[in-house]
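Everything on this sheet refers to the single structure shown next.
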Amino acid sequence: MKFRSTRSNTCVAPSYALLHGLAPDGGLYVPETFPEQVLQYKDLAGKSYQEIASVVLSYFFTNFTDEERDAMIASAYNEHTFRDERIVPLHSIDTDVSISELFHGRTLAFKDLALSLFPYLLTAAKAQEREDRDILILTATSGDTGKAALEGFKDVAGTNIMVFYPSEGVSPMQKQQMQKQEGNNVNVSAIYGNFDDAQSFLKRVFVDPDVNAYADEKGVLFSSANSINIGRLFPQVAYYVSTYVSLVDNGAISEGEIFDVVVPTGNFGNILAGYFAKKMGVPIGKLICASNKNKVLADFFETGVYDMNRQFFTTDSPSMDILLSSNFERFLFYVAGQDAEKVAQWEKDLSETGKMAVSAEELAQLRREFEGGWIDDGETEAVINHVYNDYGYLLDPHTAVAYGVYMNRRRQGLCEGRHTVVMATAHPYKFPPVICQALALPKHDDAFDELLEIADVTGMALPKPLAELRNKPVRFGSSIEKEDMKQAVLAFVDAIHGRA
Ligand SMILES: *Cc1c(COP(=O)(O)O)cnc(C)c1O
């Protein structure tokens, strides 16, 4: 399998795309020929999550042998990295709707599913590309990605990771998760600034010739772990396939029966993986893209116009507070019938005017497979309250947005008798203040006290990573001025060099 850019026809090997992330023309890598309709239930039945992942990835990462791929998958998905041996268990709410639980990894967010495997894919690709410098992953985070990347890369040979987060811009729980990070190849810095300061600094570092030359001299190569990398995208296809198998096994649907999925969406990576699973043969009907008040995507699926010129809101579901979804370009590539010139023009419109539009025919076409929906914070809290009180099941705020969008569809008679799966992207205990608010529990200044309050009422045990967190020592407690970020990177480069 070769990968091509969404903006031109140049092709590269999977190892090259893994190591470099973005295509030189600014486009994203997609399979040169997509493996359409290759998966059938009878070939998947009885397989473990790991075996399903191996089948799915064999179509994309043809640069690895079966043995290499299976070894990486075994290192990524096991009893040390996931709290549930099924990896992605399916929870049945009632005969109409199930929840696919993507949050049983080390950081309790769905990003663990990709970031547990990605470091192995990246280091294997590095060897294939005969790259012998040490990799330094640089990441800016507003929450879940940074922690999941830290856990994924922690103590993986040949790699190092440095994470920057806005000192006042992450939840208290997320902050402690990062300040108390373990591992010998990790570094975390809070900055006095916002997420955009951190992000734009890193964008400059990646292209700064002096910084790159300095790193090169010390045997270090910069890389990133963001969700446009094929090594993060394709591992996510596996859980849509495993969800299908579980649905049939649970009797929620019969073999080959069509079901809909609702996905809480930010950068469009998760839902895109669902689209790919559908193309591979999983009988998904509608892919429903759920948004919070930052509803650029919901508006797009309604009107065909993607318009970022609007107010930005901070919401209860921070991982979905995004106006420019970085994986959306891959979706547009398929909307355009794989026409790279058209995609390049749309992306030009977006970068110059903050706006792009598909034609009426294209909109009609894509609406056969996709739909958008959104709810606000008040509704999100009401959904958490309702699902907990009626079904005894606690949703995190992101998953609650998706569940609320599902409830609205059902009320409008749009479900057509089909079973719906809501993709659950985070453990509810990652967001104690919102849960306390939704369940009308007393508030506390310390997030751990709120957690205990919630655990007391729900009887739901604290996941080990959170239970242990409170008493772990802070390793990275200081904050730096944003002007000092470059110096911090250079100092870490020196430390890596000194260790080698
Ligand atoms: C990252 C994240 C999302 C958004 O996923 P995308 O792939 O960026 O669309 C949703 N929910 C949670 C909890 C997340 O961490």
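Numbering of ligands and ligand atoms starts at 1, following listing order.
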Expected rows: ligand 1 N/O, protein N/O, dist below 3.5 Å:
| residue | atom | partner | partner atom | Å |
| --- | --- | --- | --- | --- |
| ligand 1 | 7 (O) | G269 | N | 3.2 |
| ligand 1 | 7 (O) | N270 | N | 2.9 |
| ligand 1 | 8 (O) | N267 | N | 2.7 |
| ligand 1 | 9 (O) | G266 | N | 2.7 |
| ligand 1 | 9 (O) | N267 | N | 3.2 |
| ligand 1 | 9 (O) | F268 | N | 3.0 |
| ligand 1 | 11 (N) | T425 | OG1 | 2.9 |
| ligand 1 | 15 (O) | K111 | NZ | 2.5 |
| ligand 1 | 15 (O) | D144 | OD2 | 2.7 |
| ligand 1 | 15 (O) | S319 | OG | 3.4 |

Query raised in the report: N267: what forms a side-chain hydrogen bond (donor to acceptor under 3.5 Å, both in side chains) with it, not counting sequence neighbours?
Result: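 Testing N267 for side-chain hydrogen bond (donor to acceptor under 3.5 Å, both in side chains), a comparison that skips the adjacent residues, returns S326.
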
Query raised in the report: R470: what forms a side-chain hydrogen bond (donor to acceptor under 3.5 Å, both in side chains) with it, not counting sequence neighbours?
Result: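 If we apply the side-chain hydrogen bond (donor to acceptor under 3.5 Å, both in side chains) test to R470, skipping adjacent residues, the hits are D446, D449.
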
Query raised in the report: According to the interplanar angle, ranging from 0 to 90°, do the rings of Y239 and F110 count as parallel (below 30°), tilted (30 to 60°) or perpendicular (above 60°)?
Result: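 Rings of Y239 and F110: perpendicular, over 60°.
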
**Report entry** Aromatic ring pairing F328/F331, orientation class (parallel under 30°, perpendicular over 60°, tilted between)
**Finding:**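 Tilted, since the angle between the ring planes falls between 30° and 60°.
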
Query raised in the report: Any luck finding a side-chain donor-acceptor pair between T380 and D377 under 3.5 Å?
Result: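 No, no side-chain donor-acceptor contact under 3.5 Å.
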
Query raised in the report: Under the side chain to side chain contact (heavy atoms under 4.5 Å, CB included) test, which residues partner V305, sequence neighbours left out?
Result: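 Side chain to side chain contact (heavy atoms under 4.5 Å, CB included) list for V305, sorted by chain: T303, D307, K355, A357.
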
